[in-house]
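First the structure, in the form of structure tokens, and then the observations on it.
Every chain is numbered from 1 and lettered A, B, ... according to where its sequence line falls, protein lines coming before strand lines. Scope of the values below: all heavy atoms of this structure, side chains included, with no hydrogens, waters or symmetry mates.
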Amino acid sequence: MYDHKTIEKKWQKYWEENKTYKTETDSNKEKFYTLVEFPYPSGAGVHVGHVKGQTAVDIFARYKRMNGYNVLNAMGWDAFGLPAENFAIKNKKHPNHFTQENIKNFRRQIKSFGPSFDWDREIDTTDPKYYKWTQWIFLKLFEMGLAYEKEAPINWCPSCKTGLANEEVIDGKCERCDSVVEQKNMKQWFLKITNYADKLINDLKDLNWPEYIKTSQKNWIGRSEGAEIKFDIENSDKKINVFTTRIDTIFGCTYVVLAPENILVEGLKNKVKNWEEVNGYIKKIKNKSDLERTDLNKEKSGIKLDGIKAINLFNQEKVDIFIADYVLSSYGTGAVMAVPAHDERDFEFAQKYNIEIKTAILPENKKESETCYTEDGVLIDSGEFTGLQSLEAREKMVEKGERGGFAKKKINYKLRDWLFSRQRYWGEPIPIIKCLVCGNVPISENELPLLLPEVENYEPSGTGESPLSKIDSWVNVKCPKCGGEAKRETNTMPQWAGSSWYFLRYIDPHNDKELASQDNLKYFMPVDVYFGGAEHTTVHLLYSRFWNKALYEKGIVPVSEPYKRRVQHGLILAEDGKKMSKRWGNVINPDDVIAEYGADVMRVYIMFMGPYGDTSAWSTSAINGIGRFINKIWSLSEKEITEEEADRETLNLLHKTIKKIGEDIENISFHTAISQMMIFLNHLLTKKDINRNVFSIFIKLLVPFTPHLSEELYQKINPERVGSVCNLDWPIYDSNLIKDEKAKIAIQVNGKLRDEIEVDFDSDQKVVEELARERSNVKKHLEGKELVKIIFIKNKLINIVVR
RNA sequence: GCCGAUGUGGUGAAACUGGUAAACACGCACGACUCAAACUCGUGUGCCGAAAGGUUUGUGGGUUCGAGUCCCACCAUCGGCACCA
């Protein structure tokens with residue numbers, strides 16, 4: 001029996017003492033940078049999802065290392081965050097206390113399943129030596145005009161008492177605590193991610209990422225090409241700007257709609273006859289939560305502004321102006337031209353309020369239209385544009401509008417600027433000083449890191465100020481520019497800040513002069529493969545691409561895209577098919593699994609559960625099977641080891657196995673790599689003795705998956721050798737040995753399988769046909785039939801087609 | 001509604017550019033070992049059938065000598081986005 005308890009500990013100690021996985025910059029060797037998302041060190045400890053990602057990255061790293069690459073593979077802690085802060089509030093202890101305890105536990109747990117991280121490169125986002133550079137990047141972004149402060153309606157979580165970025169709001173709720181998010185007008189810091197919208201879309205095309213991630217990011221950015229059109233307001237010099245992708249339908253416009261929040265509304269106050277009613281409506285809408293407002297099943301509501309009209313400058317027609325809740329202030333111009341004949345939302349609204357529906361587009365070759373036709377077509381009743389196709393009309397109309405100064409081409413995005421400040425304690429302080437005279441003044445670089453000061457109370461104030469605002473001695477400073485009275489920015493950065501650039505710091509983690517040296521960055525960037533979870537598709541992956549691009553433009557990083565290849569894993573569900581959670585009491589703790597089965601069994605089991613990207617449920621009986629597998633491998637070492645050359649069949653299977661496992665690792669098909677190991681093992685188990693060389697090669701193939709077992713076995717079989725198996729070369733398969741000597745040929749008559757024969761490899765049709773015709777079952781089906789043709793595929797099948 | 005993905009045994013699944021569907025594993029059944037159970041080992045295991053044989057990749061159609069794989073239509077499940085003008 002394989003004694004996992006002592007053997008695994010023994011080798012973990014060996015790796016630690018010998019720094020087996022230490023990586024240095026070495027320009028004589030080709031680098032390979034493997035990365036897995038670094039965890040938030042929660043109180044719950046490592047869960048099996050972490051194990052899945054970290055085992056996968058480890059398999060890849062070990063495989064590449066054995067293939068001669070200089071592999072960078074490191075681990076760290078994304079340690080700022082709310083749970084530590086909430087713990088601090090409850091226990092009146094510094095959040096760092098809790099954080100460091102958790103990190104200790106995470107480090108122990110991760111080391112206990114043996115991943116090959118270079119622990120000398122460990123980083124912690126809450127370490128001032130690390131966040132010094134997070135703050136430094138903020139200063140660069142500020143310098144570049146990419147960090148700015150503005151007053152705007154923001155997402156506010158009433159329970160976390162902080163603002164949230166759009167990316168942190170899921171279905172109108174806070175992604176962390178599920179509370180319904182409110183809109184609040186606040187002066188806040190934003191990062192201008194929208195400047196990079198096009199680059200973030202266009203640069204996706206060269207990345208080796210799953211298509212669904214690319215599509216998700218594109219949809220999130222939501223680029224849409226259209227036009228901005230001005231409508232005049234009767235008896236007023238004010239104008240209404242609208243955004244539309246369908247300028248070709250403008251002759252069907254029968255009203256325009258403003259969002260209730262549109263500032264123009266207030267300006268029209270004097271002209272609106274039913275102002276009191278209108279104002280009441282706006283107030284009612286503003287009191288509704290976003291969740292209620294965006295509920296699609298809700299009936300649209302609105303109110304007409306009596307006494308004023310908008311003028312469509314394409315035909316000088318006067319149309320009514322409405323305020324309605326189906327128009328969003330946050331997208332486009334906060335106003336739309338409504339064309340009920342060609343837009344379903346406008347159609348629904350027009351029917352409810354009895355507004356005219358005017359057709360401007362007909363489907364091609366049709367005289368009549370459906371009630372609401374939303375596709376492209378041919379223009380009718382559209383003045384000089386009548387008869388044009390939608391596509392052409394859009395161009396001509398924009399041209400006319402540009403000449404007349406009332407329309408222009410415009411591209412809109414769903415992506416909003418990144419709300420970057422948090423009204424909480426446990427985050428990086430924003431290195432800005434607010435001076436009444438000079439405005440926002442960055443602190444000088446040599447004052448970094450701006451340390452997070454101690455406070456007595458970590459409780460967020462709830463008024464939109466962070467707990468830092470209560471420390472007068474920290475807040476009140478002199479303006480670095482004019483020397484006058486000034487105050488520090490008291491908001492902190494969001495958790496996403498530290499994780500937006502950590503992959504750069506692994507490259508040069510102890511550098512106190514630079515974020516990382518140019519030489520090291522040039523050598524190691526980009527990340528060659530990045531493992532992680534699906535939940536970061538439109539958050540962390542987008543944010544860190546943005547930061548990297550900004551740093552690239554500033555000449556700080558050498559590549560514009562940080563992650564060449566991205567691999568995402570599927571969820572591991574509990575045995576009952578539910579999500580693992582404390583609430584259901586169905587959580588699998590890796591510590592328990594390792595104690596019972598060993599680290600290698602856990603690693604192989606998790607990789608064997610199914611395709612890496614699929615969701616699958618934990619199964620105790622299946623993990624027992626992997627325990628058997630590991631014990632059987634161990635039992636090989638109890639056979640007689642010979643120096644006699646192995647038989648041809650064994651070598652053939654061995655070399656096929658080398659090929660398959662290598663290809664499967666490259667393709668992230670770990671479960672099929674493992675089944676190939678099982679096939680080869682089953683073959684070896686039928687043998688009385690085992691050739692040393694064959695066994696040694698087999699062990700090498702196991703290294704990425706079962707490093708502990710492999711170390712021990714290799715030493716047992718080759719006692720004269722010292723050192724870790726991790727430094728052995730990956731076996732190379734011999735294509736001559738992969739060739740089969742015999743081939744099994746399927747014999748079909750009219751496409752139906754009738755028999756099977758074994759022939760020499762590469763036998764030609766004549767030989768095979770003769771043999772096939774002699775088989776009784778084939779004869780039976782050929783009797784009395786006329787031959788039509790014969791299909792022959794070498795080494796595969798022969799199909800005799802008869803009539 | 002839009003976008004994406006997926007449908008194969010009792011279960012997780014495999015199948016390279018169209019070429020013997022179900023590899024590998026779990027489970028189950030029977031047998032060996034055991035006083036007994038567990039472990040372990042052996043045999044069997046898509047479905048129908050005693051067998052010969054027939055039949056099977058969500059459903060219906062098509063292309064082909066041949067379709068899990070390609071084409072058309074539909075159904076179901078999961079994930080993401082969602083009044084984005």
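- If you check residues 660-675 of chain A against RNA chain B, the residues with a heavy atom closer than 4.0 Å are A:His671, A:Thr672, A:Ser675, listed by number.
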Below 3.5 Å between N/O atoms, which protein atoms pair up with nucleotides 18-22 of chain B? Just atom names and distances, please.
{"unit_1": "B:U20", "atom_1": "O2", "unit_2": "A:Glu756", "atom_2": "OE2", "d": "2.6"}
{"unit_1": "B:U20", "atom_1": "N3", "unit_2": "A:Glu756", "atom_2": "OE2", "d": "2.8"}
{"unit_1": "B:U20", "atom_1": "O4", "unit_2": "A:Lys744", "atom_2": "O", "d": "3.2"}

Using a cutoff of under 3.5 Å, can you pull out all pairs of nitrogen or oxygen atoms linking the protein to nucleotides 5-8 of chain B, with atom names and distances?
none

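- Scored by the side-chain hydrogen bond (donor to acceptor under 3.5 Å, both in side chains) test, A:Lys742 finds A:Asp760 as partners (sequence neighbours excluded).
- When the side-chain hydrogen bond (donor to acceptor under 3.5 Å, both in side chains) test is applied to A:Asp576, the partners found at least two apart in sequence or on another chain are A:Asn586.
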Which atom pairs, one a donor and one an acceptor, fall under 3.5 Å between side chains of residues 784-801 of chain A and the rest of the protein, sequence neighbours left out?
{"unit_1": "A:Asn795", "atom_1": "OD1", "unit_2": "A:Asp762", "atom_2": "N", "d": "2.7"}
{"unit_1": "A:Asn795", "atom_1": "ND2", "unit_2": "A:Asp762", "atom_2": "OD1", "d": "3.0"}
{"unit_1": "A:Asn799", "atom_1": "OD1", "unit_2": "A:Asn750", "atom_2": "N", "d": "3.4"}
{"unit_1": "A:Asn799", "atom_1": "OD1", "unit_2": "A:Gly751", "atom_2": "N", "d": "2.9"}

Can you check nucleotides 46-54 of chain B for protein contacts, nitrogen or oxygen pairs under 3.5 Å, and list what you find?
{"unit_1": "B:G54", "atom_1": "OP1", "unit_2": "A:Arg754", "atom_2": "NH1", "d": "3.2"}

Per-pair distances, 0.1 Å, donor-acceptor, side chain in residues 406-413 of chain A, under 3.5 Å, sequence neighbours excluded:
{"unit_1": "A:Tyr413", "atom_1": "OH", "unit_2": "A:Asp198", "atom_2": "OD1", "d": "2.8"}
{"unit_1": "A:Tyr413", "atom_1": "OH", "unit_2": "A:Asp198", "atom_2": "OD2", "d": "2.8"}

Report, one pair per line, the protein and nucleotides 39-41 of chain B atoms (nitrogen or oxygen only) whose separation is under 3.5 Å.
{"unit_1": "B:U40", "atom_1": "OP1", "unit_2": "A:Arg628", "atom_2": "NH1", "d": "3.4"}
{"unit_1": "B:U40", "atom_1": "OP2", "unit_2": "A:Arg628", "atom_2": "NH1", "d": "3.4"}

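- Shown here are the side-chain hydrogen bond (donor to acceptor under 3.5 Å, both in side chains) partners of A:Gln217, two or more places apart in sequence or in another chain: A:Arg545.
- Remark: A:Asn208 pairs with A:Arg565 by the side chain to side chain contact (heavy atoms under 4.5 Å, CB included) rule, at least two apart or across chains.
- In RNA chain B, runs of at least 3 stacked Watson-Crick or G-U pairs (N1-N3 plus N6-O4 or O6-N4, or N1-O2 plus O6-N3, all under 3.5 Å) give these stems: B:1-7 with B:75-81, B:10-12 with B:24-26, B:27-32 with B:40-45, B:46-48 with B:53-55, B:58-62 with B:70-74.
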